[in-house]
Visitor: 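Before I ask anything, let me first share the structure, which is written out below as structure tokens.
Residue numbers begin at 1 in each chain, while the letters A, B, ... track the order of the sequences.
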There are 2 protein chains.
Amino acid sequence: MRSIGALGKATNTKVETIRYYERIGLLAPPQRTDGNYRTYDDEALARLSFIRRSRDLGFSLDQVRALLSLTDQGTQDCKTVDRIARDHMAEIERKIADIIALRHELSTMIESCGGGNISECRIIEALSPFDN
Amino acid sequence: MRSIGALGKATNTKVETIRYYERIGLLAPPQRTDGNYRTYDDEALARLSFIRRSRDLGFSLDQVRALLSLTDQGTQDCKTVDRIARDHMAEIERKIADIIALRHELSTMIESCGGGNISECRIIEALSPFDN
DNA sequence: TCTTGACCCTGTAGTTGCTACAGGGAGCAT
DNA sequence: ATGCTCCCTGTAGCAACTACAGGGTCAAGA
Ligand SMILES: [Zn+2]
Ligand SMILES: [Zn+2]
Ligand SMILES: [Zn+2]
Ligand SMILES: [Zn+2]
């Protein structure tokens, strides 16, 4: 059994975040000590680790919730798990494409700035809607 | 002169977003009609277009605010503009590195799933903290 | 002329995923 | 007894919108 602070250190999670996960139903309310302190067992540690790892991989809390409930239920096959992961992957691919395109535009813009008066700065020009 | 709805269509911006920009001081309060409707001139259109283009390029509202005030002031040289753009670019590069790394981890994880019972799903395993 | 429908108004609350207090209580060491 | 560090609850804040609720305005058609 460990305190919330110890759990936080073990999972690299802020105390407030743990309480937040409890509030939104992602972590079950743990047992309390006589002094009303939360105490966590190894199962809670495993669960929070799972959550954090999923979050690090960019899954949304809703997706994490779904993954958790699937493992909790021990459903027959992992089709749904697979679909969640692949959906997330597709989203990541989209984001990569977007941000690469954005970098291209941004770098073109920055390259064009010769440094001088702002009234003829190409960056500002590139952001402005009309030629003038 | 155009209504807020027309301005929204012209700049691909939701009406609520335009009012939000006004509320936070990014857009000046426009003139009103007798019926208390906002009316926008071409300058407002240009300004909102600038904002939207900057946002599309990933600048934060604070950065947009800075860019706008620099162009408003017509400051001598564009060093500050340049710095804002380059800072943003650096941030984009960091994000790209992060998300590419994430894609690698995610794809490795997904590839490993053979499809079967959830208790032996490699995706779940990869997310779980302990070997067992 | 009346009514319908599309638009507009203000103000407030919700979204995501936390984070940061404020104002206390608990537990341990000195 | 006095610190000190941890913990508690509850609330409010962050970015950047978005979505109502509960009204008012305006132009067009029957
Ligand atoms: Zn290009
Ligand atoms: Zn320049
Ligand atoms: Zn690897
Ligand atoms: Zn699997």
Visitor: Taking for each residue the nucleotide of DNA chain D with the nearest heavy atom, is it A:Arg23 or A:Arg19 whose nucleotide lies nearer the 5' end?
Guide: A:Arg19

Visitor: With a 4.0 Å cutoff (strictly under), does any side-chain N or O of A:Tyr21 reach OP1 or OP2 of C:dC18?
Guide: yes

Visitor: Show the nearest heavy-atom pair for residues A:Gly58 and A:Gln63, with the distance to one decimal.
Guide: O-OE1, 4.4 Å

Visitor: Atom CG of A:Leu61 and atom P of C:dT15: how far apart are they, to the nearest Å?
Guide: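 Result: 13 Å.
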
Visitor: For B:Asn36 and D:dG23, give me the distance from atom CG to atom P, rounded to whole Å.
Guide: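 Taking CG of B:Asn36 and P of D:dG23, I get 17 Å after rounding.
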
Visitor: Return the value, rounded to whole Å, for the distance between atom CG of B:Leu7 and atom C1' of C:dC8.
Guide: 14 Å

Visitor: Let's see if you can work this out: which of D:dC7, C:dC9, D:dT18 has an atom nearest to the side-chain heavy atoms of A:Ser3?
Guide: D:dC7

Visitor: Can you find a side chain N or O atom of A:Arg38 that sits less than 4.0 Å from OP1 or OP2 on D:dC8?
Guide: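 Yes.
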
Visitor: Given C:dG27, D:dC17, D:dT25, identify the nucleotide with an atom nearest to the side chain of A:Tyr37.
Guide: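 Closest nucleotide among those given: C:dG27.
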
Visitor: By the 4.0 Å heavy-atom rule, please label A:Ile24 as base, sugar-phosphate, or nothing.
Guide: nothing

Visitor: Report the nucleotide, chosen from C:dT19, C:dC9, D:dC17, that has the shortest atom-to-atom distance to any side-chain atom of A:Glu16.
Guide: C:dT19

Visitor: Can you measure B:Asn12 atom CG to D:dT18 atom P for me and round it to whole angstrom units?
Guide: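 That distance rounds to 10 Å.
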
Visitor: Regarding B:Arg52 and B:Asp56, does a basic nitrogen lie under 4.0 Å from an acidic carboxylate oxygen?
Guide: no

Visitor: Measure CZ/A:Arg32 against C1'/C:dG27 and give the value in whole Å, please.
Guide: 16 Å

Visitor: Assess, by modelled atom type and distance only, whether the side chains of A:Ser60 and A:Asp62 contain a donor and an acceptor separated by less than 3.5 Å.
Guide: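 Short answer, no.
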
Visitor: Quick one: do A:Asp98 and A:Arg94 make a salt bridge, cutoff under 4.0 Å?
Guide: no

Visitor: Without decimals, in angstroms, what is the distance between A:Asp56 CG and C:dC18 C1'?
Guide: 14 Å

Visitor: For C:dC18, does either OP1 or OP2 sit under 4.0 Å from a side-chain N or O belonging to A:Thr17?
Guide: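 A:Thr17 to C:dC18 OP1/OP2: no side-chain N or O under 4.0 Å.
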
Visitor: Can you measure A:Ile4 atom CD1 to D:dT9 atom C1' for me and round it to whole angstrom units?
Guide: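 Going from A:Ile4 (CD1) to D:dT9 (C1'), I get 12 Å.
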
Visitor: With DNA chain D as reference, determine whether B:Thr33 or B:Arg55 sits nearer its 5' end, using the nearest nucleotide of each.
Guide: B:Arg55

Visitor: Do B:Arg47 and B:Tyr40 have side-chain N/O donor and acceptor atoms under 3.5 Å apart?
Guide: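 No - no donor-acceptor pair under 3.5 Å links their side chains.
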
Visitor: Starting at atom CD of B:Glu22, determine the distance to atom P of D:dC17, rounded to an integer number of angstrom.
Guide: 15 Å

Visitor: Starting the side chain at C-beta, find the nucleotide from D:dC8, D:dA16, C:dC18 nearest to A:Tyr20.
Guide: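 Of the options given, the side chain of A:Tyr20 lies nearest C:dC18.
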
